[in-house]
Every structure is written in C-alpha cells, then in structure tokens.
*Asks:* 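Following this message is one structure expressed as structure tokens.
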Amino acid sequence: MNLDTLNPAQREAVEKTEGPVLILAGAGSGKTRVLTTRIAHLIENKGVQAPNILAITFTNKAANEMRERVEETLGSDTKEMWISTFHSCCVRILRKDINRIGYNRSFIIYDSADQVTLVKDCLKELNLSDKAFEPKVVISTISGAKDKLHSPKEFKQMHMSDARMSKIADIYALYQDRLKRNSALDFDDLIYKTVELLRTDSEVLEFYRSRFKYIMVDEYQDTSKAQYELIKMLAKEHQNICVVGDDDQSIYGWRGADIRNILEFEKDYDDVHVVKLEQNYRSTQIILDAANTVISNNIERKRKKLWSEKKEGELIKIQVAENEVEESDFVSDMIAKIAREQNRSYKDFAVLYRANAQARPVEDALNRSQIPYNIYGGTKFYERKEIKDLIAYLRVIQNPQDDISIKRIINVPRRGIGLRTIEKIEDRASLKQESMYSVLIDIESNSDISTKARNSISAFVDTIGTLRTIKEVYPVSKLIEKVLETTDYYEYIDDLYKGDTEEAKDRKDNLKEFISIAIEFEQSSEDQSLEEFLTGVALTSESNEEEEIDKVSLMTIHTSKGLEFPVVFLIGMEEGLFPISRAVRSMAESDIEEERRLCYVGITRAKETLYMTLTQKRTLYGKTNPSIASRFMEELPKECIEKLNKEEKQITSYSKANYNVLDKYKQKYMTNVNKSAVATKVNATIKDTTKESNLDDIKPGAKVHHPKFGVGTVVGMMGSDVTIAFEKQGIKKINKEYTTLDVL
DNA sequence: AGAGCTACAATTTTT
DNA sequence: TTGTAGCTCT
C-alpha cells in the first residue's frame, strides 16, 4: 500500500490506526480517499483481518462507493468486511438475534407512509383526533424520542407535567406495541432496537465488540444520539474508532443528527488524535474564501480553513432579478451561453435551491430554451401507489401479521370487502389480541359478517395461502408475476386509469421495472429470499435509473451534499427562503447556524464558477411579496463578488430591512393564522409610530425589542455596540447602527 | 364504490 | 399555485 500520493494530513489520518481518531474533513478534502486508503492500509500493511473491520456510512451510495474503491485498491474482494450503512448494519445484527428481545426475526421494515397509517390507527384506538395530534407531528416527536434513546416509559416520565406530550407518550407506547404485534420495525427502531439488544444481551454485545477491532464512521456530524451510543458500545473494547466528518456540513439537525457528537468527540474518548484535512481539491481559492468567511459567522464550530492550490479564480457572480421567472430565465440563458462559449456539457451545471418548490420556474425556463435537465427529489420509485401495493402483497406473503399491509391490499384490487367489514375484522382482532390475518383465516366463525363478504375473504385468504406456497419454491421475480396474475392487477390498473392512457402505461411500466429489480436482485445477491429482497427494498430509496446522461442537475442544497459541479447556480438567496423560516422571529440562533452551514455546503459545491441569484419580489404558493436579500449575501467578502446588474437594482438588504419589513415578511410564512402571529403583528404596528423618537432611550436597564432575538434588557453600551440580555437567546452584543431596536 | 368537490397546507429527507 | 386528504352525493 503506497501512501506517497497523499498529502501530509491525509497520510497522518491513514497511518494513525490505533486509538480514537477524529478526522475533520473539510468539503472536497478527499475524505473518501482517506477512508478507503485507511482500510487498505489496515489490511495490507497492518495485517488486520477483513472481518475485524467495520465501516459505516449514511447512504447506500457512499457504502457502495467505498466498497468498490477498497476493492480496487486492494485488488481483492471485501465480502468479509462490514462496509454498510447504519441501517443495514443494524438489520444484519437484528436478523440474527432480535428474538432475544422478544421480536420476530423475520420482521419487516415500515417506511414513513406506513408510519402515518399506523399512527392514525393508534389515534383512532385512543380516541384522539388527528387534528389535535397531527400524525406528522406525532411521528416526528416519536422519532426524536427514539433518536435520543428514550423509551415510551422514559418519555412519559419526562413529560409528566405536559398534558399534550403525555398523550403523545401514550401514542408512542401504543405505536411500539402495534409495531411489535405486526412484526415490524420502523427506520428509527433499526438503530434503537440494536442498541437495546446490545444493552440487554451481554453475549451479543461481547460477540460484536471483540469482532470489530477497527471501526470507521463517515459523516460523523450527522449521527444521532442513538447512533453515537451504538458506536460507543461497539468500540469500547478496542477503542480503535475513527470518525470522519465536517461539523460545518451538519445540515440534518432537524432529522435527529446531533452536532455535539462531533464537537465533543474529544471529550467522549480518551487520547483522541485529531487530524484536520483543510486542503481542498475541488474549488478555486475565491470560492473557498467566500465559504470560509460565511461559515466563520457561526459560533458553534471547530476552526478550520479550507485552502486550495488553485489560486484566485473567477469572482462569484451575483444577479438580482425582478422575480422568479426572470431569475430562472437568467439561469437558463447563462447555462446556454456558458455551454456555448466555454464548450461545456450540460452535466457540468447544477441549479441548487433551498426548497423544492423553487424548481418549477427553473424547469419552465429550461424547457423554453430546450436545455435538458434532471430533477432530483420528488416521488420516489418505491413510494408509487402500484409499487407500494405490490410490496404490501409481498410483505403479507412474507409476514401475514402485518396488519398495515393487509389493510392496504385486502380490497385492492376490489373484491367487495368494504370499510365496514374491515372495521369489524379490526375490532375482533384487537379484542382477541391477534393479527387481522388470524381473524381472516377463521372468518367462518364470524357471524356479524355477511355471507358475501365472508366468501370474498375466504377467496382472499386462499390467494395469500397459494402465494405463500409459491414463495417457497419460486424466485422473487416469479412470485411477483404470480401476484400480479392471480390478483388481476394489470386489469385493475387499466380500470383505474382508463385503459390506454399514458398514466396506465406508466404504472404498468413501473411494475415491469420492479420485476427487473427483482431479477437483478436474484442475480447479484447471495441470499435470494423474499425477506432479503424486502429488506433491500425498504433500505433503498432510488431505483438505479438514468444518471450519467448529459443534463443539467436541479436539486435542493441538501441533496447536493457530497457532489460537485464546475458551474453552480445558488438561487433564491432571500431572507425567509434562505435562511428559511415560517416565522423569522422565532428562529433560534442554532437554526440560523444550520442554515448557514447549508449555505456553506451550497457554495462549496462549485468547482470554478458560482452564481448567486435573488429576486426583488417572489411569488411563492400563489402569493407575491417583496424580497429582502439573504443575510448570507452580506456575509460574502466584497473582494470575492461581482455584481452583474448594469444598473443597481433595488433590493432591500438584510441589515437595512427594518423591523416592519421583516415583520410583514414573516406574515407571508405564517399561512395559518395562529394567535401569536396576530399578536406580534399588532404590536409591530403600534411600535412603528414611536420608533423614531425613542432611540435615545436605549440605555442600560431599558427593555428593548430586537427584530431577530426578541425582547431583552440592555446591560451595557460601548459606542454603537449595545450588550443585551435576551429572554430567549442569551446575552448578545448588537450594533445599533445595523439593527432597529425598539424600546418597550 | 366511485366521482367530484372542498378545504387546507406547502422546508430540507441519507435510511 | 398546486397537490392531496377527506368528505358528500349518487
């Protein structure tokens, strides 16, 4: 294994194999290369055995890429090595031993749509309305609890004094109970239950602890408390834990990622060796300067400064457009122009935005100019109705206890089992504490159900029974064909989408695509069971479709993490859109910091050319409002930017925007009128009239209002700097020249 | 059971 | 503005 091509920091990261290592890998600093080289180095130069290595990533893509590159470097296969995502690693552990904590080993995995259905069922059972307890909110609360390893019991205890949260704790408890009864785990459970298993069963813990002598975790800034705990437990014996990440690229806090994991790694482990990878191989120095400067406004971070050998470079170009249509036209015109003049291919361009809704006008513009593009995001393959139906059949065949899937397909295609009948079956199932399927099998003994419905149910049970025997002898792809055949599913599609329409054809194509996925699975997988197939389906989101085609990429900044493009357009650089917020005022500083990290991610996607655009007024969700330039625009260093507009276009800058404009702006994002929104609006109007006169009243002891931080008390003054103790946000030093402070 | 209507909500989403 | 979940009427 030759390490000569690495830079000194990279080399250090590779060679320091023993003990805890924290690799702070800035954007574009070659961390995948470091990780793969490190694994190869362990095997080749250190004589480590493949089974003793565990490498964890977040995405399948990253795991596959890592495996491929390790294989390439080593020239041997890596089957013995665990290189996988958190989730599939956990599934592997659980499939072997989850029975030790009372679960069925052939559990199935519920996706977020299944979660919604299950939560709705739980609400019904508890007689709670889904208005008061929105399933989405309930799920994210439960998910947050699991990410923090809080059991339903603990969660209940923690929220004793809060009636609402207490109710959510009850839902959580019932939800877990139902999952278990259905032999199902949700995504969060995969991690949570693995931790539970390792905590409760010392034999299992011992087994993996001694096995995994070298552990590596990629994207460590994105780990949750539960994932942190998992890793900590596994690394306990050997302490050879190497985590790689970039705190500045932590953008999934809202999904349970806890940035403290990376910030406090040095406290959590003894004698941590820290390596910073700061040399960037991707972008020009100008782009890096801009990124460095913007991110330096964050307080909560590890200091790092990216540098490049590609000195200078093009200035960052800023364009103010009248509205989103002009903005999009600008983008498409520039793409056409640059493609022509610099002879670039379309795949060199990316248009990045904060919210998916922004893609629409860009699409229109690109269509008008006949520029090919690819949109990333949107409905995923496995979320389409026909695919979900088919998966539900497969799940029931695999695991008849899955009530959620039973309910999905019992009358799809229609076989005359109506809502009333289903309800009766459900009631009986919950009375007898059994699955719906066992009630269905025993339907003849059920006298409340009409003979007609009973016959339909028997036929359904027979169908499932037959398919279950087919499963034992045929491969998955054949089984799928049999499902479609015996249920007359294609006819059902024709019926639903009126035969010869485009839509019907699309849907049928999807089903065929699904069969090819199954065939591919059979060819590439060792374990060809239906169980394994369903696991794979649950743990992958994209169907590996067309990519390497010459098209412009449109995606959110989140999706762009880890990618790079020669020319990048960051669009919609406006307050409220980026940083985004429903109510700017309530936005905590830590949320703004995450938005800023997102901005950093966006900027660092660009290799050579970066455009940033914003509008004077934007129509979003059918409402038009004047825009305020994003605060991040002001954070860009002046020497790195070039304004493209010939004549200065009028746009309110963030620091000039006064309290009123911001407030008006806030209302835009408060679509549903809630009481506090109305209250703040009224306050703002009243205050406006007194604003001018009371500037001198800003003095120690005075109560003031700050547009961003809310109400606080002045505790000190120095020149134009006012130190204010805010009620919510703590003590801050504010320059009164740049903000509008209102004395209350 | 199914069409058609209304009301409502609309960050980000690796698994 | 657009998508969809849920409801009503046939």
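Chain letters run A, B, ... following the sequence lines, proteins first, then strands; residues in each count from 1.
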*Asks:* Determine the contact category for A:D186: base if any of its heavy atoms lies under 4.0 Å from a base atom, sugar-phosphate if only primed atoms, P, OP1 or OP2 are that close, otherwise nothing.
*Replies:*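 Result for A:D186 = nothing.
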*Asks:* Is A:K193 positioned over the aromatic face of A:Y103, cation under 6.0 angstrom from the ring centre and no more than 45 degrees off axis?
*Replies:* no
*Asks:* For A:T57, answer base if it contacts any base atom (sugar-phosphate contacts may also be present), sugar-phosphate if it contacts only those atoms, and nothing otherwise; contact means non-hydrogen atoms under 4.0 Å.
*Replies:*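 Nothing, no nucleic acid heavy atom in range.
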*Asks:* Test side chain to side chain donor-acceptor pair (under 3.5 Å) on A:E386 and A:Y489 and set out the steps.
*Replies:* CA-CA 9 Å; A:E386 59 282 5; A:Y489 199 86; 5.7 Å; no
*Asks:* Base, sugar-phosphate or nothing for A:D222? Non-hydrogen atoms, less than 4.0 Å.
*Replies:*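 Result for A:D222 = base.
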*Asks:* Please encode protein proximity along nucleotides 2-10 of chain C as a string of B, S and -, counting only heavy-atom distances under 4.0 Å.
*Replies:* SS--S----
*Asks:* Between A:E423 and A:R420, is there a side-chain N and carboxylate O pair less than 4.0 Å apart?
*Replies:*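 Between A:R420 and A:E423 there is a salt bridge, with a charged N closer than 4.0 Å to a carboxylate O.
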*Asks:* May A:Y252 be described as stacking on the base of B:dT13, applying a 5.5 Å centroid limit and a 30° limit on plane angle?
*Replies:* no
*Asks:* Before accepting this row, confirm whether a basic side-chain N of the pair A:D364/A:R360 lies closer than 4.0 Å to the acidic partner's carboxylate O.
*Replies:*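 A salt bridge is absent here (no side-chain N lies under 4.0 Å from a carboxylate O).
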*Asks:* For a 4.5 angstrom cut-off between non-hydrogen side-chain atoms, does A:I517 reach A:F381?
*Replies:* yes
*Asks:* Would you say the ring centers of A:Y192 and A:Y172 fall short of 6.0 Å from each other?
*Replies:*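 Centroid separation for A:Y192 and A:Y172: 6.0 Å or greater.
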*Asks:* Who pairs with A:D130 by side-chain hydrogen bond (donor to acceptor under 3.5 Å, both in side chains), at least two apart in sequence or on another chain?
*Replies:* none
*Asks:* Output the pairing pattern of DNA chain B as a dot-bracket string, 5' first, Watson-Crick or G-U wobble with both distances under 3.5 Å, | for cross-strand pairs, [ ] for crossing pairs.
*Replies:* ||||||||||.....
*Asks:* When you check the phosphate oxygens OP1 and OP2 of B:dT13, does a side-chain N or O of A:T556 lie under 4.0 Å from one of them?
*Replies:* yes
*Asks:* With a 4.0 Å limit, can you tell me whether A:N356 has a side-chain N or O closer than that to the phosphate oxygens OP1/OP2 of B:dA10?
*Replies:*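 No, outside the criterion.
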*Asks:* Any idea which heavy atoms bring A:Q221 and A:G245 closest together, and the distance?
*Replies:*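 Distance-wise, the nearest heavy atoms are OE1-CA, 3.2 Å.
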*Asks:* Describe the nucleic acid contact of A:G377 in one word from base, sugar-phosphate, nothing, applying a heavy-atom distance below 4.0 Å.
*Replies:*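 No contact.
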